[in-house]
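Worksheet for the structure shown next.
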Amino acid sequence: MTYRIEFTRRAARDLERLDRRARLRIVEAVAGLGIDPSPAGVKKLKGEDNAWRIRVGDYRVIYEIHDNSVLIVVFRLGHRRDIYT
């Protein structure tokens, strides 16, 4: 089963602000979430009901998994020093 992937406006804007190399790496990683929404190294964020994060080099992608509608919503992404603030 393949999950559909959607970006919030904020996540799409964050992605556009990245340099080309980082953007390509993140798009590859997010595409992989469609096949396996919980890859090796995924962590659940504390204090959130349904928020998960993956590492892509120095960047983090924060997303939600909606199993009932087979959907992944990416709602934040950015450099690790800025993402959690």
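Position 1 is the first residue of the sequence, and the numbers go up from there.
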Could you check whether any side-chain heavy atom of [X] comes within less than 4.5 Å of a side-chain heavy atom of [Y], counting everything from C-beta outward?
{"X": "Tyr59", "Y": "Leu18", "result": "yes"}
{"X": "Ile54", "Y": "Arg60", "result": "no"}
{"X": "Trp52", "Y": "Lys43", "result": "no"}
{"X": "Arg4", "Y": "Ile72", "result": "no"}
{"X": "Asn50", "Y": "Tyr63", "result": "no"}
{"X": "Leu71", "Y": "Glu6", "result": "yes"}
{"X": "Thr8", "Y": "Val74", "result": "no"}
{"X": "His66", "Y": "Val73", "result": "yes"}

* In terms of side-chain heavy atoms, does Tyr3 have a donor or acceptor partner in Asp67 at a distance below 3.5 Å? ->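 Side-chain D/A pair, Tyr3 to Asp67: present.
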* **side chain to side chain contact (heavy atoms under 4.5 Å, CB included) between Asp14 and Phe7, intermediate numbers included** => CA-CA 10 Å; Asp14 290 343; Phe7 287 82; over 6 Å; no
* side chain to side chain contact (heavy atoms under 4.5 Å, CB included) between Ile65 and Leu33, intermediate numbers included -> CA-CA 10 Å; Ile65 303 171; Leu33 292 175; over 6 Å; no
* Ignoring hydrogens and angles, tell me if any N or O in the side chain of Lys44 forms a donor-acceptor pair with the backbone of Arg53 under 3.5 Å. =>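 Checking the backbone N and O of Arg53 against the side chain of Lys44, no donor-acceptor pair under 3.5 Å is found.
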* Mark yes or no for whether Arg25, through its side chain, and Val56, through its backbone, hold a donor-acceptor pair below 3.5 Å. =>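 Between the backbone of Val56 and the side chain of Arg25 there is no qualifying donor-acceptor contact (under 3.5 Å).
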* To do: Spell out, yes or no, whether Val27 and Leu24 are grouped together once hydrophobic residues are joined by side-chain heavy atoms under 4.5 Å, including indirect joins.
  =>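 Result: no, two separate clusters.
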* Atom CZ of Arg10 and atom CG of Leu15: how far apart are they, to the nearest 0.5 Å? ->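 It is 14.0 Å, given to the nearest 0.5 Å.
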* When rounded to the nearest 0.5 angstrom, what distance separates CD1 in Ile62 from CD1 in Ile83? ->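 Result: 4.5 Å between the selected atoms.
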* Using a strict cut-off of less than 4.0 Å between a Lys/Arg side-chain nitrogen and an Asp/Glu carboxylate oxygen, indicate whether Glu48 and Lys46 qualify as a salt bridge. =>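 Looking at Lys46 together with Glu48, the answer is no, because their closest N to O distance does not fall below 4.0 Å.
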* Listed by chain and number, what are the salt bridge (Lys or Arg N to Asp or Glu O under 4.0 Å) partners of Asp58, not counting sequence neighbours? ->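 Partners of Asp58 under the salt bridge (Lys or Arg N to Asp or Glu O under 4.0 Å) test: Arg80.
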